[in-house]
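To start, the structure itself, in structure tokens.
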Amino acid sequence: MPVSELTLNDGTRTPWIAFGTGTALYGKDVQQSVTVAIQNGFTHLDGAQQYHNEDSLGAAIAASGKPRSELYITTKLGKLKPGDTPKSALEESLRKLRVDYVDLYLVHHALAHVGRLQDVWIGMEEAKNAGLTKSIGVSNFTSDHLSEILEVATIPPAVNQLEVHPYVWKALQPNLSLHQKYNVVTSSYGGLSPLVRGRGGPLDPVVEDIRARLARTRGSAVSEGQVLHKYYQQKGILVVTTSAKVERIQEYLDTENVPELTPDEIEDIEAAGAKLHKRFFPGNWPPE
């Protein structure tokens with residue numbers, strides 16, 4: 001089944017779910033993992049300069065035999081070396097990835113460019129205008145960081161990739177209202193953290209009840225992870241997820257076939273999430 005897509009504010013389209021090469025794969029050779037992901041139906045591959053594995057991601061892309069147009073490739077700008085620009089840093093990434101352009105180029109961390117955010121964003125626009133990337137966006141940007149670059153932007157960010165899950169949903173409201181105003185797609189990493197790293201929270205029983213209802217409706221198995229992924233899909237969120245396990249990769253993509261959550265179920269998830277504020281990647285966000 002083809003992966004459904006989201007339309008970005010620049011008119012391009014992106015698959016709503018991406019295979020990420022960070023977290024568990026950070027600094028590792030990802031050729032085998034990415035090959036398995038592509039073989040099982042992932043077309044959106046999410047990389048970053050900071051993950052130190054663009055070479056092996058590029059090897060998997062080349063070995064896949066897929067036409068470039070059938071893959072959606074994201075990478076992210078790390079800390080700039082002296083003399084580098086976002087454009088020159090992307091040119092280096094393209095060499096490693098063995099492609100002529102990426103589909104999406106994000107500023108990975110606002111905190112890596114304090115005092116230079118506006119200049120960095122102008123450099124991101126230069127990379128896009130040079131045809132090296134189809135879309136540009138940001139990652140780990142607070143609403144204040146976004147406001148800062150929007151003062152000088154001639155191209156607004158298409159995406160903001162953040163730690164997104166029900167335990168930070170309430171805290172993200174200033175971001176989400178700005179995203180809505182400028183049509184910025186919210187992208188989630190760590191979306192399954194409440195289930196993987198944060199067991200025992202108020203979300204657990206709510207997700208289990210919804211999972212049981214969806215399985216009855218579907219007439220076949222539904223996982224707790226699929227409950228949250230379906231919630232994100234219905235919210236129009238671009239999900240970045242990863243796994244080394246084939247069955248887990250298939251499960252993520254099978255979210256397409258899971259019945260939709262009801263408005264009440266969505267409300268229940270958000271109400272449960274609001275009872276606990278917890279970040280699982282606190283180093284990516286200013287102190288709260």
Side-chain angles (χ1 to χ4, degrees), residues 6-14 16 18 22 46 48-50 74-80 84-87 89-90 102-130 132-191 232 235-240 270 273-274 277-288:
L6 296 164
T7 301
L8 303 184
N9 59 13
D10 56 15
T12 62
R13 295 172 69 80
T14 173
W16 79 276
D46 180 276
Q49 294 162 6
Q50 188 183 304
T74 296
T75 197
K76 308 180 197 78
L77 172 69
K79 202 163 187 171
L80 280 168
D84 263 359
T85 64
K87 180 171 173 278
L90 179 53
V102 290
D103 296 276
L104 180 61
Y105 187 35
L106 306 178
V107 182
H108 204 156
H109 292 282
L111 300 177
H113 309 284
V114 175
R116 296 190 55 210
L117 269 189
Q118 293 185 339
D119 288 343
V120 165
W121 187 253
I122 290 166
M124 294 292 285
E125 293 186 352
E126 285 169 1
K128 176 175 160 63
N129 290 334
L132 303 181
T133 180
K134 297 210 169 166
S135 302
I136 50 175
V138 296
S139 180
N140 302 302
F141 269 51
T142 66
S143 53
D144 288 344
H145 295 140
L146 278 172
S147 297
E148 191 176 332
I149 62 167
L150 285 165
E151 286 175 14
V152 297
T154 58
I155 304 167
V159 169
N160 187 8
Q161 189 182 118
L162 307 148
E163 178 180 351
V164 177
H165 49 72
Y167 291 147
V168 293
W169 190 252
K170 191 175 171 185
L172 284 177
Q173 291 311 306
N175 262 87
L176 297 172
S177 50
L178 207 54
H179 292 182
Q180 192 171 12
K181 182 177 177 182
Y182 290 95
N183 250 345
V184 178
V185 164
T186 304
S187 178
S188 162
Y189 66 80
Y232 301 135
K235 284 279 184 183
I237 290 170
L238 166 51
V239 169
V240 180
E270 289 171 11
H277 173 71
K278 185 161 181 62
R279 288 190 190 280
F280 298 93
F281 302 89
N284 291 346
W285 204 252
E288 293 173 279

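FYI, the numbering just counts along the sequence from 1.
- With a 4.5 Å cut-off on side-chain heavy atoms, R279 and E288 count as touching.
- Separating the CG atom in L162 from the OG atom in S139 is a distance of 6.5 Å, to the nearest 0.5 Å.
- Rounded to the nearest 0.5 angstrom, K128 NZ and K87 NZ are separated by 15.0 Å.
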(request) Assess whether side-chain hydrogen bond (donor to acceptor under 3.5 Å, both in side chains) is satisfied between H179 and N160, documenting all intermediate values. (result) CA-CA 8 Å; H179 292 182; N160 187 8; 3.2 Å; yes

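- Ring pair Y167/F280 is tilted by interplanar angle, where 30° to 60° counts as tilted.
- With 3.5 Å as the limit, one finds no donor-acceptor pair spanning the side chains of S143 and N175.
- Proximity of V138 to H145: side-chain heavy atoms (C-beta onward) are nowhere separated by under 4.5 Å.
- You'll find the side chain of L117 reaches within 4.5 Å of the side chain of F141, heavy atoms only.
- We find the CG-CG distance between L132 and L90 to be 5.0 Å, quoted to the nearest 0.5 Å.
- Going from atom NZ of K79 over to atom CG of D84 covers 13.5 Å, rounded to the nearest 0.5 Å.
- Remark: T74 pairs with H44 by the side chain to side chain donor-acceptor pair (under 3.5 Å) rule, at least two apart or across chains.
- In this structure, L146 CG and Y182 OH are separated by 9.5 Å, a value rounded to the nearest 0.5 Å.
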(request) May I have the step-by-step check of side chain to side chain contact (heavy atoms under 4.5 Å, CB included) for M124 and I149, ending in yes or no? (result) CA-CA 11 Å; M124 294 292 285; I149 62 167; over 6 Å; no

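- More than 12 heavy atoms of other residues, nucleotides or ligands lie within 6.0 Å of CZ in R13, so this atom counts as buried by the packing criterion.
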(message) Walk me through whether V107 and K76 qualify under side chain to side chain contact (heavy atoms under 4.5 Å, CB included).
(response) CA-CA 6 Å; V107 182; K76 308 180 197 78; over 6 Å; no

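- Residues E163 and K278 are not paired through a salt bridge, judged by the lack of any N-O separation under 4.0 Å between the basic side chain and the carboxylate.
- Scanning both residues, A274 and K170, for their nearest heavy atoms gives CB-CD, 4.0 Å.
- Side chains of L80 and P86 form a contact here, defined as non-hydrogen atoms less than 4.5 Å apart.
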(request) May I have the step-by-step check of side chain to side chain contact (heavy atoms under 4.5 Å, CB included) for L106 and V159, ending in yes or no? (result) CA-CA 8 Å; L106 306 178; V159 169; 4.2 Å; yes

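- Under the 4.5 Å side-chain criterion, counting only non-hydrogen atoms from C-beta, V164 is not in contact with Y189.
- Judged as a salt bridge (Lys or Arg N to Asp or Glu O under 4.0 Å), and not counting sequence neighbours, E148 has no contacts.
- Minimum heavy-atom separation, A89 to Y105: CB-OH, 3.9 Å.
- Annotation for F281 and G190: closest pair CE1-CA, 3.9 Å, computed over non-hydrogen atoms.
- With salt bridges taken as basic N to acidic carboxylate O contacts below 4.0 Å, none links K134 and D10.
- Atom CG of residue L150 and atom CD1 of residue I155 lie 12.5 Å apart, to the nearest 0.5 angstrom.
- In this model, a donor atom of one side chain and an acceptor atom of the other lie less than 3.5 Å apart for T154 and E125.
- Inter-residue side-chain proximity for N9 and P156 is flagged as met; some heavy-atom pair is nearer than 4.5 Å.
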(request) Quick one: do E151 and Q118 satisfy side chain to side chain contact (heavy atoms under 4.5 Å, CB included)? Show the steps, please. (result) CA-CA 8 Å; E151 286 175 14; Q118 293 185 339; 3.1 Å; yes

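- Side-chain contact between P157 and W121: present, with at least one pair of heavy atoms (C-beta onward) separated by less than 4.5 Å.
- In this structure the side chain of T12 never reaches within 4.5 angstrom of the side chain of L104, judged on heavy atoms.
- Between N140 and H108, the closest heavy-atom pair is ND2-O, 2.9 Å.
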